[in-house]
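No experiment lies behind these values; they were computed from the predicted model shown.
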Amino acid sequence: MSPDRDASVSEGSVRDGNAREENAPGESTEDKSAEDKSAEDRSAQDGSAEGRSAKDGSPREEGGSPTEGPRPRADCTVDGENRIVIRLTAPAAPATATASAPAAAFRPRLLLRLRPPKGRPEEVRRVFDLEPAPGQDRWQATIDPAPAFAEGRWDAYVLPAPGEPRRRLLSGVRDLRALLTDRAPDRTASPLAVRIPYATLDGYFAVRAWLHPTHAEVDRIRVADGGMTVRGRLFGAGLDTGAAALLRRRGKGGTVREAELTAEGEHAFSFVVGYRDLLGAPGGSAGPAVWDVFVRPSADAPRVRVARLLDDLADRKKVFVYPATALDGLHARPYYTVDNDLSLEITAG
């Protein structure tokens, strides 16, 4: 349930699973920011040709058939050092096994591939050895934090044996409690590398990855008094003279509105955005619009997108729904994009 409009809204309290995934009003194809369009291409609604459900509702697999036995399922744990341990049951013995090369000689491997944009070939893959794990026919792979994953969505497969088709992994139990441990800026490496295992819409196992040289993390958003107050932390840079919050209107022209930023130490910050200030922005519009939120660490520094990445949610947009504020026949509310970036939408009342 969404909180009352004047309630203090923390990042851990607003989870509305009934919210629909859709573009914010005012987000036409040409008005979407580059990060939203690229993210939609990468995710393809988690329904690529390999990921869409068949008519009976069961997921499709590469080379899959009803005679191949149960689909492999991946359980995972993320530990305090940001290692991902993936455990799965070995698939059936490969059909290519012979007397000179028995099935026992084959060791399955784990494949993660970066999901390409629509219409483009698959190019980036990483393969991991699977080691025997406790339990019958169980295998596991440990994925260390380095080297970092390229940003995007990574689909997971098991490679049973040479010559055998890869099989996409269903999502099992995901223990992500370690991702909720607080991360202070002085304990986080730069660039900031984030990996969150999740289940796709069709129930497959995947990993969402971000890789940011600098990052402005939302800690808390409070919606009240005709605006929003944002508190956060800066990673990969320090706050200095000339620091400010910036809101850029999507679309041609890209009007930028500056808001005062209060530094609370070298990395922590807060700022207040009054919704009426955006309606009166020079070159802006009094009608529906989408404003993307940034922090400028210092007078000459490049702006840094404000987002929420450091927890266990790979897709925040459908889960966190903030209350709308009515003003002059319009409604304004903060929301998260498909990349978990913070934006502000103004819609018709």
task = Tell me whether the guanidinium CZ or amine NZ of R168 lies under 6.0 angstrom from the six-membered ring centre of Y204 and within 45° of its axis.
result =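 Because its charged atom sits under 6.0 Å from the ring centre and within 45° of the axis, R168 does stack over Y204.
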message = For Y336, does the six-membered ring have the charged nitrogen or CZ of R316 within the cation-pi criterion, i.e. under 6.0 angstrom from the centroid and within 45° of the normal?
response =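 Cation-pi check for R316 and Y336: passes.
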message = Restricting to non-hydrogen atoms, name the atom on A289 and the atom on R249 that form the minimum distance, rounded to 0.1 Å.
response =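 That would be CB-NE, 3.4 Å.
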Quick one, [X] and [Y] - any side-chain contact, counting heavy atoms below 4.5 Å?
X	Y	answer
L279	L330	yes
D315	V338	no
W139	D129	no
R333	E345	yes
L239	S298	no
R231	E264	yes

Return yes if a side-chain donor-acceptor contact under 3.5 Å exists between [X] and [Y], otherwise no.
X	Y	result
T337	R305	no
T89	R138	yes
R174	T77	no

Tell me whether the count of non-hydrogen atoms from other residues, nucleotides or ligands lying under 6.0 Å of [atom1] in [X] goes above 12.
X	atom1	answer
R177	CZ	no
R109	CZ	no
D300	CG	no

ask   = Do side-chain atoms of E217 reach the backbone of L310 as a donor and acceptor pair under 3.5 angstrom?
value =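 Here the side-chain-to-backbone pair exists.
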task = Check whether any side-chain N or O of D339 sits under 3.5 Å from a backbone N or O of D341 as a donor-acceptor pair, and report yes or no.
result =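 Absent.
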query = Is there a path of hydrophobic side-chain contacts, each under 4.5 Å between heavy atoms of I, L, V, M, F, W or Y residues, that connects I346 with L327?
reply =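 I346 clusters together with L327.
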request  = Spell out, yes or no, whether V272 and L261 are grouped together once hydrophobic residues are joined by side-chain heavy atoms under 4.5 Å, including indirect joins.
outcome  =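 Not linked; separate clusters.
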inquiry  = Parallel, tilted or perpendicular, judged at 30° and 60°: which one describes the rings of F149 and F128?
reply    = parallel
query = Parallel under 30°, tilted from 30 to 60°, perpendicular over 60°: which one fits the rings of Y322 and F320?
reply =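 Correct class here is tilted.
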request  = Go through the steps for R167 and Y157 under the test side-chain contact (heavy atoms from CB on, under 4.5 Å), then give the verdict.
outcome  = CA-CA 5 Å; R167 300 194 67 188; Y157 301 81; 6.0 Å; no
